[in-house]
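This chain uses plain numbering: 1 for the first residue, then up along the sequence. Quick caveat: nothing in here was measured; it's all calculated off a predicted structure. In listed order, ligands and their atoms are each counted from 1.
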Amino acid sequence: MNLSIQLAPHNERGLLLSNPVIAASGTFGYGTEYAELIDIQKLGAIVSKGITLRPRQGNPQPRLVETAAGLLNSIGLENIGVKALIRDKAPLWAQWQVPVIVNIAGESISEYAGLAGMLDGVDGIRGIEVNISCPNVDAGGMEFGTDVKMASKVTAAVRKQTALPIIVKLTPNVTDTVQIARAVVDAGADALTIANTFKGMAIDTTKRRPVLGNIAGGLSGPAIKPLALYLVYKVAQAVKTPIIGCGGIASAGDALEFIMAGASAVQVGTATFADPRVLPGIVEGIERFMEKEGISNIEEITGAANVGYAKT
Ligand SMILES: Cc1cc2nc3c(=O)[nH]c(=O)nc-3n(C[C@H](O)[C@H](O)[C@H](O)COP(=O)(O)O)c2cc1C
């Protein structure tokens with residue numbers, strides 16, 4: 001059975017994954033944290049925590065709150081900064097078989113470009129995920145992903161600075177995801193991640209105050225699965241670029257839904273918090289499904305559920 005996926009078919013370096021199951025950014029640290037719990041080399045790829053030019057402390061506590069079938073977070077891109085990442089993490093990744101993709105976030109277009117330039121050619125870094133969809137920072141983040149022109153400019157600026165495969169991670173907090181997807185593909189994205197978290201909040205009725213220190217946050221987990229799935233389905237009809245489906249995936253069945261909607265690969269975030277073994281479990285579940293259904297190549301079922309646009 002062939003589960004391998006090429007996520008950057010038009011990029012010279014390519015981004016070949018042994019299977020389509022990827023650890024999402026922000027829920028898997030720098031990969032090293034999970035290396036003792038599961039065999040991380042069995043994953044398709046790992047996306048590291050969003051990195052910025054300078055280290056960040058993140059937002060005030062509380063930054064996580066559970067909701068019905070979901071999780072709200074307002075971490076605010078707490079991270080070690082790009083220099084420490086290159087110095088301390090990349091040398092470890094260079095020894096790994098599993099490809100590591102670095103998620104980047106900037107406060108300006110030139111910061112995104114600067115980050116891409118610094119990461120280009122660093123041993124151990126196999127791709128860049130451009131986070132233009134973080135809902136938890138004041139400057140940058142989602143601001144770039146909700147505006148067609150800005151999304152396009154950021155992608156083009158990153159493209160100029162690196163030959164690495166570029167994956168642009170889109171926000172679901174827009175009226176028309178397809179328009180943004182088309183713009184970033186035209187600007188040079190090799191692949192798309194759909195999607196980041198949905199903006200949301202919770203209120204503590206005793207205190208009569210928002211629960212999160214930052215007032216609002218991003219909703220993830222099973223609650224958003226049908227929403228993210230629909231976005232993947234829609235964008236898959238509009239662009240030929242590989243799509244990585246993300247949002248509420250917690251089982252092989254969930255992953256297969258995204259693949260049949262048109263995703264080439266999937267990312268798993270929140271479900272990892274409940275059980276880190278969910279990631280290798282999804283790989284095994286996909287294998288079992290393929291065996292049962294007599295599928296020899298995963299690509300046979302990519303977009304298999306595509307029957308055209310929903311009319312309403
Ligand atoms: C605690 C937490 C931190 C996150 N940090 C990042 C991040 O740094 N960069 C990013 O692009 N997405 C980040 N995300 C979003 C996830 O990568 C993912 O897109 C989202 O949670 C939806 O997938 P899920 O429902 O499987 O968690 C974060 C999500 C959570 C829950």
Under 4.5 Å between any side-chain heavy atoms of I46 and I22, yes or no?
no
Strictly under 6.0 Å, is that where the ring centroids of F144 and Y112 end up?
yes
Heavy atom of the protein closest to [atom] (residue, atom name, distance):
atom	answer
atom 11 (O) of ligand 1	N103 ND2, 2.9 Å
atom 28 (C) of ligand 1	S25 O, 3.5 Å
atom 21 (O) of ligand 1	S220 CB, 3.2 Å
atom 26 (O) of ligand 1	G269 N, 2.9 Å
atom 20 (C) of ligand 1	T197 CG2, 3.7 Å
atom 3 (C) of ligand 1	G26 O, 3.5 Å

Test item, G247 contacting ligand 1 (heavy atom, 4.0 angstrom):
yes
State if A195 counts as touching ligand 1 under the rule of any non-hydrogen atom under 4.0 Å.
yes
Grab the two heavy atoms, one from [X] and one from [Y], that are nearest each other, plus how far apart they are.
X	Y	result
T270	S220	OG1-OG, 2.6 Å
R56	E107	NH1-OE2, 3.6 Å
I295	M1	O-CG, 3.6 Å

With heavy atoms of [X] as the reference, note each atom of ligand 1 found under 4.0 Å away.
X	value
G248	24 (P), 25 (O), 26 (O)
L77	8 (O)
A24	17 (O)

Please check whether [X] reaches ligand 1 - meaning an N/O of the residue sits under 3.5 Å from an N/O of the ligand, judged on distance alone.
X	answer
K169	yes
K49	yes
T270	yes
I224	no
G50	yes
T27	no
C246	no
F273	no

Take N196 and S133 through the side-chain hydrogen bond (donor to acceptor under 3.5 Å, both in side chains) test and state the conclusion after the steps.
CA-CA 6 Å; N196 210 314; S133 42; 3.0 Å; yes
Answer yes when [X] and [Y] have at least one side-chain N-carboxylate O distance shorter than 4.0 Å, and no when they do not.
X	Y	answer
E111	R54	yes
D275	R277	yes
K225	E257	yes
D176	K234	no

Hydrogens and angles aside, do S296 and N2 bring a side-chain donor and acceptor to less than 3.5 Å of each other?
no
Donor + acceptor pair across side chains of Q161, D120 (<3.5 Å)
no
Relative to ligand 1, is N196 under 4.0 angstrom through side chain, backbone, both or neither, heavy atoms considered?
both
Side chain, backbone, both or neither: which part of N73 comes within less than 4.0 Å of ligand 1 when only heavy atoms are counted?
side chain
Check whether any side-chain N or O of R159 sits under 3.5 Å from a backbone N or O of T162 as a donor-acceptor pair, and report yes or no.
yes
